[in-house]
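Have a look at the structure below before the remarks.
Predicted, not measured: the structure shown is a model, and the values here were computed from it. Sequence lines set the chain letters: A, B, ... in the order given, protein chains first and strands last, and positions in each chain run from 1.
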Amino acid sequence: MSFALDDVGLTHANGYTALSAINLQADQGERIALIGPSGAGKTSLLSVIGTALAPTAGLSKVLDCPLDITMRRRNDLKSLRARIGTIHQSPPIPGRQRVVTAVLAGKLGHWPAWKSTASLIYPMDVSGARAALCRVDLADKLFDRCDQLSGGQLQRVGIARVLYQEAELILADEPVSALDPALALTTIRLLVEEAKARRATLVASLHAVDLALSNFSRIVGVKGGRIAFDLPADQVGIPLLNDLYASEGAELPMQAREPYFVLPAAANDAANRIICC
Amino acid sequence: MNDTNRDPAARGRLIGVLTALIILWPLFQAAQVQPGALFDPGNLKVIGNFLAAFLPPEAGHEFLGYLGIATMETLAIATAGMVLAFLLAVPLAYLATAAGREKSALNPFTRGLLTILRGIPELVWALVFVRVFGLGPAAGVLALGLTYGGMLAKVYAEIFESVDAMPARALRHGGANRVLAILYGLLPQASKELASYTVYRWECAIRASVVMGFVGAGGLGQLMDQAMKMLNGGEAASILLAFMVLVFSADGLSGWLRRAIDIPPSGRASPFGWRSLLVVLSLIGGITASFSLLELGFGELFTEDAARGISEFIVGFFPPDFSATWLARVGQGVWETLAISIVGTLLAAAVGLLLALPRSRAPFSFLLNTLRSVPELVWATITALAVGLGPFAGALALALHTAGVLGRLYAEALANAPQQPALALRLSGAGSSRAFLYGTLPGAAPQLIAYTLYRWEMNIRMAAILGFVGAGGLGQLLYFELSLFHYAQASTVIIAMLALSIAVDQSSAWLRQRMR
């Protein structure tokens with residue numbers, strides 16, 4: 001069992017209920033896509049699984065640690081969090097930091113204090129950082145400063161950090177919203193490959209339905225703070241999706257359609273190049 | 001480790017650190033840093049006795065009367081000086097700034113004048129004016145007016161240049177003249193910063209007017225100087241307390257004013273309400289009261305006698321003494337002053353950062369405010385007792401006051417730095433100190449470095465005058481020469497101070513550019 005949420009609810013201090021009656025279990029190594037209209041509670045759900053927010057109702061267990069007990073003990077919480085890697089919607093990396101340092105920061109939860117401090121003076125694991133960056137096709141930016149990168153490149157640095165962290169549970173909140181369609185596809189494939197190879201659990205919230213359906217075996221639809229459906233990808237049909245996105249107008253959110261359908265070969269090339277690296 | 005895995009920045013960093021050490025080592029030597037002196041039993045006894053005499057603070061009726069008058073006088077000097085400075089700064093800033101000009105033309109003449117006004121510390125102006133007008137507040141007001149006029153003008157000019165220039169440019173293309181383009185296009189964007197900086201400067205002027213009392217320009221400083229010279233701890237304690245109350249309330253008032261500027265106008269034609277009226281009335285009242293209390297008699301400035309006196313006095317400064325022996329002594333003074341300023345600023349940065357870090361702010365803010373409210377020169381009289389006369393006392397005094405200033409600025413910068421990166425690191429299991437080092441500090445570092453370097457620019461001016469109370473450097477030279485009426489020698493020292501402060505401004509700007 002990777003995580004288990006049992007009747008979990010989340011009500012903010014201002015009285016707004018972000019999540020209610022969430023029941024969701026995942027086995028180690030499962031790969032789940034969260035879809036749903038914006039404001040549905042996808043980010044809140046990921047925050048609860050990632051121990052960023054404590055649920056206000058229900059029972060939850062992450063990586064076999066019961067959250068209500070763990071949250072109270074600082075060291076337990078720290079070592080649990082070191083096993084969870086989160087890819088954020090906007091990469092939380094200071095502009096003046098160098099790419100190598102930003103990637104190495106993924107292991108701060110594992111490294112002893114002397115190593116983390118020394119690494120600020122001289123990067124302690126250049127080859128590890130290079131390998132992680134290589135997989136997101138950014139090895140040439142290893143020693144650049146993060147404020148010299150484009151938004152999409154910075155997002156991939158954030159992904160490289162989580163790859164380097166080698167987390168057992170990877171949470172990704174709209175990980176490819178800043179990337180162009182071809183790169184988005186290759187990046188999602190990379191995350192799925194990574195999860196498969198290391199038997200890590202992957203939970204990704206995605207805005208583009210097609211990306212979710214074509215890459216993930218299990219799809220969880222979220223709407224109004226509740227779970228609308230939880231099905232294998234091949235059982236998620238158009239009516240179900242139309243229902244999920246009823247508030248967003250007539251069309252389902254997809255990757256920018258033309259490049260995706262016109263250039264699958266190019267996308268595959270890029271994907272293969274990255275995976276081979 | 002193979003070649004590709006070597007950090008290409010490492011060599012540069014190593015060279016940078018070594019260079020810094022090579023430069024800093026002799027500077028620490030020159031500042032005669034001897035932490036041991038702090039714990040020397042003889043010194044401990046002197047400072048202990050002195051501090052013990054602080055209790056109980058002097059509260060006799062007669063003394064409290066003097067204290068009240070001196071406090072009013074200090075306030076009045078600061079306010080009158082600021083009025084003068086403001087009147088001087090507005091036209092100068094208008095001439096100096098590139099804002100609202102269609103072609104960005106810098107005005108070297110005005111800029112040069114501003115540099116000279118700012119570059120010579122107010123205490124030196126005060127010392128000079130005291131010779132012309134005799135003891136009393138007039139010298140202080142004029143000195144404040146000139147120095148702060150230069151500072152205000154420079155900062156006003158920079159603020160106008162830093163806001164978005166498009167609105168003014170559009171107005172000028174639409175046919176408006178430069179004044180109107182600035183009033184309608186730039187002032188709305190800049191007004192908050194301008195007002196906030198002016199109020200902040202007034203706060204500084206209060207501190208400065210205390211300091212100028214030490215050279216006989218009246219107010220609390222003069223009282224403090226007498227109490228210190230007689231080692232009368234009780235009186236010194238009362239004066240310090242009065243002074244802290246003054247600075248704390250000025251601080252509170254300026255905070256209130258700055259917040260009041262932020263309140264959006266209500267829906268009527270005139271943007272000014274009862275609050276503005278109140279501020280304007282109290283401003284007029286304060287200014288009138290200040291000038292009438294001080295009885296400056298600037299009219300005497302314009303009599304024939306005074307004119308002759310002043311011109312004779314000024315002529316006495318020329319030509320400056322450029323003989324080799326004197327230049328060598330001045331050079332030594334420059335080196336010592338530089339050492340005091342750098343050692344003081346570095347110590348202050350370290351202490352300030354430590355005091356800025358803890359998360360429960362209240363006790364530390366109080367400590368920082370206390371350190372900050374006591375001017376460097378007052379600290380110097382105390383540190384001189386603790387470690388003996390000399391540059392180390394000056395560096396310590398500088399460090400104590402600056403630690404208060406920097407600690408407060410650092411705490412603000414750290415609170416304003418983006419929190420997201422540190423939060424994300426904590427979510428992946430990093431402890432709070434590591435999340436700070438990897439997540440918060442890189443975001444705040446440019447701000448911290450800029451504050452430190454700006455402070456160094458101020459401290460070089462301050463280090464130049466700490467010598468007035470025996471803390472070494474150029475100030476000591478100047479004080480001696482002026483007391484002996486050696487104006488030609490004094491003139492060389494003033495030129496050296498000016499050159500030093502310009503050089504420090506330049507290198508600080510260069511360092512800020514490099515470390516961005």
Side-chain angles (χ1 to χ4, degrees), chain A residues 47 50-53 74-75 77-98 100-102 104-113 115-117 119-130 139 142-147 158 161-162 165 167 171, chain B residues 1-18 20-21 353 357 359 413-453 511-516:
Chain A
S47 305
T51 76
L53 296 174
R74 272 176 71 98
N75 281 337
L77 184 61
K78 259 194 226 169
S79 56
L80 169 63
R81 282 176 168 178
R83 296 157 67 195
I84 306 173
T86 307
I87 298 163
H88 298 261
Q89 205 161 359
S90 56
I93 295 171
R96 292 184 79 256
Q97 201 159 52
R98 290 194 303 166
V100 57
T101 316
L104 294 182
K107 280 244 166 86
L108 287 183
H110 297 278
W111 281 358
K115 195 170 178 185
S116 327
T117 314
S119 188
L120 283 173
I121 297 162
Y122 191 95
M124 284 285 119
D125 184 10
V126 176
S127 52
R130 186 193 298 279
L142 184 62
F143 293 115
D144 285 8
R145 243 167 65 165
C146 288
D147 51 11
R161 173 192 278 187
V162 173
Q165 187 186 348
L171 305 174
Chain B
M1 199 183 280
N2 66 24
D3 223 33
T4 53
N5 278 349
R6 195 170 294 154
D7 183 352
R11 181 200 295 261
R13 286 183 185 185
L14 189 66
I15 292 173
V17 169
L18 287 180
L21 281 181
L353 190 60
L357 288 180
R359 230 166 305 153
L414 290 176
N416 293 340
Q419 303 298 314
Q420 212 53 41
L423 199 67
L425 288 172
R426 300 191 59 149
L427 282 182
S428 61
S432 51
S433 54
R434 272 174 259 181
F436 171 80
L437 284 177
Y438 276 80
T440 311
L441 197 57
Q447 193 89 51
L448 301 188
I449 292 172
Y451 280 146
T452 315
L453 288 170
L511 278 172
R512 259 180 284 139
Q513 192 71 34
R514 279 295 305 269
M515 296 200 170
R516 191 167 290 158

Going by heavy atoms in the side chains, are [X] and [Y] under 4.5 Å from each other?
X        : Y        : answer
B/Phe436 : B/Arg426 : no
B/Tyr438 : A/Leu120 : yes
B/Ile449 : B/Leu511 : no

### Query
Looking only at heavy atoms, which two atoms of B/Gly443 and A/Pro94 are closest? And how far apart?
N-CB, 4.0 Å
With a 4.5 angstrom heavy-atom cut-off, is it the side chain or the backbone of [X] that approaches chain B, or both, or neither?
X        : value
A/Leu104 : neither
A/Ser119 : both
A/Ala102 : neither
A/Ile93  : backbone
A/Arg161 : side chain
A/Ser116 : both

### Task
Quick one: do B/Leu437 and A/Leu108 satisfy side-chain contact (heavy atoms from CB on, under 4.5 Å)? Show the steps, please.
CA-CA 11 Å; B/Leu437 284 177; A/Leu108 287 183; over 6 Å; no
### Query
Yes or no on side-chain contact (heavy atoms from CB on, under 4.5 Å) for A/Val100 and B/Asp7, after CA distance, side-chain angles and deciding distance?
CA-CA 9 Å; A/Val100 57; B/Asp7 183 352; 5.6 Å; no
### Task
Keeping the roles fixed (side chain from A/Arg81, backbone from A/Thr51), state whether a donor-acceptor pair exists under 3.5 Å.
yes
### Message
Heavy-atom cut-off 4.5 Å, strictly under: side chain, backbone, both or neither for B/Arg434 against chain A?
### Response
both
### Query
Who wins among B/Ser428, B/Ala424, B/Pro8 for the most heavy-atom pairs under 4.5 Å with chain A?
B/Ser428
### Query
Most heavy-atom pairs under 4.5 angstrom with chain B, which of A/Ala113, A/Ala167, A/Gly50?
A/Ala113
